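The structure presented is a predicted model; accordingly, all values stated were derived computationally and were not measured.
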Amino acid sequence: MNFFARQAEARRLTRLLVALFAVAVIAVVAAVDLIVFSILASAQHGVLGFAAPSMEWMAAHPGAAALTTLTVVGVIGLPSLYKTSMLRAGGGVVARALGGARISADATDPQARRLLNIVEEMAIASGAPMPEVYVLERESAINAFAAGHQPSDAAVAVTRGALNSLSRAELQGVIAHEFSHILNEDMRLNMRLIGLLFGLLVIATIARAMLRLVPRGRRGKRGGGIAAVMLAAMAILAVGYIGLFFGRLIQAAVSRSREALADASAVQFTRDPSGLRGALVKIAADVAGSHIESPQGEQVAHMLFASGMQRLFATHPPLLARLKAIDPQFDSREIESMRARLAAGASAPAESAAGAGSSAVLHAPGAVLNMPANAPAVVAELVGHPTAAHMQLARAIRKSLPQPLIAAGAHTGSAQAVLLALTLDTDAQTRAGQKRFIAQQLGADAAERIGRLEGAVDGLELEQRIPAVLCTLPALQQLTRDERMRLLSALNALLHRNGCTTLFNYTLRKLVQTYLRDASAPALRMRSLRLSEVAADVQALLSALAQHGHAEAAAARRAYEIGAHHLYPRERPAYAPTVDWTGSLDVAMSRLDRLPPLAKEQLVEAMVKTIMHDQQLTIGEAELLRAVCATLHCP
């Protein structure tokens, strides 16, 4: 199952989740209605307890039925909306609720630095923005989770126990598992689960509060009323737990299949099953296991790397089953052996310093790769699916990034300067005008910071530019809403000034805008568009790719026809190069982002056909393709 199929499956599960939640709410509402009607009917007849209301009684009291139903729906729905609204701020909200401490980019703690490096490498390899990274300092067990609505507002949290116990390879296996959730839309599904289940839990919480507040003594006539309230509270408590029971059942059903998929993806990402395997063995052998102490742990049980608590419906497959899936020859006696080693005080091996000072082996910008005839399908398979080779190159690129840029990307003010410096034009006169414009919009300090970073930015290879952008995202997420809006406004103005001379520069700026908007608030999912509805948008995108990739008009037209034919084999819009292409491409890319996952797969293949119709791919073309795909949320 590739990236596009996994996303399609996640969206199907989301629809199923909403439908099952609706059924659970209807069942809870009906049960509470029945309890309330029974109490009212018994009170009318002077009976203590519950008297089954007849249809005639309910028909005679429509106001009571409507008020009770609306109240219960409100009690469930309003808390769910409140919790969902709180979670809109992104995955960091969840991590902080569990006691997570954010790791800054200039952290000096060796274990935190190792974790940060692994997450940076995974982000570069997958083409996803760098998530915020948290450590759950008070958790001694081995566990982790990824939270957020989309990659741009994601957070990865790891327990202190995992940092203390796991080797670099094992920690990388855990992070690869979490990145599978980030890339495959599992996070959005999991965040929705938190919001919806919170509403079901409120019914039981209210009933418990009623039981605590009701006086225990029975005096005179009040005794019967108190007894009735206690009976009602106990009945509603039972109903609330029935609703929660169904909620947990939904949570487990949705989570188990995605956890198994994330394990498989982690092994494919790293091509090193021993890392993930070793982490699971240590969880099985360690006294603390994967248990989460935080009282908030129950809400995020379905998001954790391993089961965080004992419960009736497990959110994860059994550890032994996960180990057997990774290694069919796994011997359970290895767990006992590891338990003995841990009892003897064995600790995680330190990260090797070998090669720490090596630099990336980067290709020359003009290098050409000869590609096979099935390259479009091969490239589409790589979307959201980094390999071990990508991981190795990502590690090299991370080490090769200039230290001034790494240091600047750690703080909000200087991260903006890195971002703006990356979007400047290469022409000196145009660049001077852009810097004057930035000084007018964002202040002289911003222009001065850019000036200090220009040399480092100008020296970046093509392969380093997108990673440099993505690594600024955690700092930029700390900007206030007004600061983000000013930065986006400046970027938008730069997009439409004379400096947009190359498609790559345009796409890089567009990529930044996309991620900043995504990080500001979860985008509302709009109606998906069919390929037949976006023919004009495909025309604008493929025409721009063909126009900027070929000096000769005939070659550009041929490249366009090959790509367009892949999507529209019978009738297709004609090649339409334009001088003022940025505006039409802005609209086109926003609409193409609304294609369903499997249609996006076809679009990626069409772009590959257009870019490398000569069966060759330059590094510049490859980076352009990466930037366009990332803008369309196909990292």
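- Checked against E170 for a salt bridge (charged side-chain N to carboxylate O under 4.0 Å, His left out), the options K282, R277, R114 give a single hit: K282.
- Note: M191 CE to I194 CD1 = 6.0 Å, rounded to the nearest 0.5 Å.
- The side chain to side chain donor-acceptor pair (under 3.5 Å) test applied to S274 returns D272, not counting sequence neighbours.
- Distance alone, capped at 3.5 Å, is enough to place a donor-acceptor pair between the S80 side chain and the G195 backbone.
- Using a 4.5 Å heavy-atom threshold, the side chains of D109 and R113 count as separate.
- Residues L479 and L476 meet the side-chain proximity criterion, which asks for heavy atoms closer than 4.5 Å.
- Neither side chain, D153 nor Q477, offers a donor N or O lying under 3.5 Å from an acceptor on the other.
- No donor-acceptor distance shorter than 3.5 angstrom exists from the side chain of Q478 to the backbone of A475, with no hydrogens or angles considered.
- The salt bridge (Lys or Arg N to Asp or Glu O under 4.0 Å) check on R626 picks up E623, with sequence neighbours excluded.
- Looking at heavy atoms from C-beta onward, T84 lies out of side-chain contact with R192 at the 4.5 angstrom threshold.
- Side-chain contact check for Y515 versus T631: every heavy-atom pair is 4.5 Å or farther apart.
- Partners of A417 by side-chain contact (heavy atoms from CB on, under 4.5 Å), not counting sequence neighbours, listed by chain and number: R449, I450, L453.
- A distance of 9.0 Å separates CD1 of I118 from CZ of R398, quoted to the nearest 0.5 Å.
- Closest approach of L166 to A279, counting heavy atoms only: CD2-CA, 3.9 Å.
- To the nearest 0.5 angstrom, L171 atom CG is 5.5 Å from L115 atom CG.
- Remark: side-chain polar atoms of N143 are paired, donor with acceptor, to backbone N or O of F305 under 3.5 angstrom.
- Residues passing the side chain to side chain donor-acceptor pair (under 3.5 Å) test with H316, sequence neighbours excluded: none.
- Looking at heavy atoms from C-beta onward, I124 lies out of side-chain contact with R395 at the 4.5 angstrom threshold.
- Electrostatic pairing of R160 and E139 does not count as a salt bridge here, judged by no charged N lying under 4.0 Å from a carboxylate O.
- Considering CG of L276 and CZ of R322, their distance stands at 7.0 Å, rounded to 0.5 Å.
- To the nearest 0.5 Å, atom CG of residue L595 and atom CG of residue L529 are 6.5 Å apart.
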Residues 93-102 side chain polar contacts: donor-acceptor under 3.5 Å, at least two apart:
| residue | atom | partner | partner atom | Å |
| --- | --- | --- | --- | --- |
| R96 | NH1 | Y134 | OH | 2.7 |
| R102 | NH2 | P474 | O | 3.3 |

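- The salt bridge (Lys or Arg N to Asp or Glu O under 4.0 Å) test applied to R465 returns no partner, not counting sequence neighbours.
- Here the straight-line distance linking atom CG of L531 with atom CG of L598 works out to 10.5 Å at 0.5 Å rounding.
- Not a single side chain to side chain donor-acceptor pair (under 3.5 Å) links Q513 to another residue, sequence neighbours left out.
- For the pair I142 and S290, the minimum side-chain heavy-atom distance is 4.5 Å or more.
- For the pair M130/L116, a side-chain contact is recorded, criterion being any heavy-atom separation below 4.5 Å from C-beta on.
- Checked against salt bridge (Lys or Arg N to Asp or Glu O under 4.0 Å), D286 has no partners two or more places apart in sequence or in another chain.
- Ionic pairing of K399 and E120 is not present here: no N-O contact between side-chain nitrogen and carboxylate oxygen is shorter than 4.0 angstrom.
- Using a distance-only test at 3.5 Å, with no hydrogens or angles considered, a donor-acceptor pair links the side chain of K600 to the main chain of L632.
- In this structure, the ring pair (Phe, Tyr, Trp, His ring centres under 6.0 Å) partners of H181, at least two apart in sequence or on a different chain, are H177.
- Applying the salt bridge (Lys or Arg N to Asp or Glu O under 4.0 Å) criterion to E483, with sequence neighbours excluded, gives no partner residue.
- Evaluation of the ring pair (Phe, Tyr, Trp, His ring centres under 6.0 Å) rule for F145 yields no partner, not counting sequence neighbours.
- With sequence neighbours excluded, no residue forms a side chain to side chain donor-acceptor pair (under 3.5 Å) with E293.
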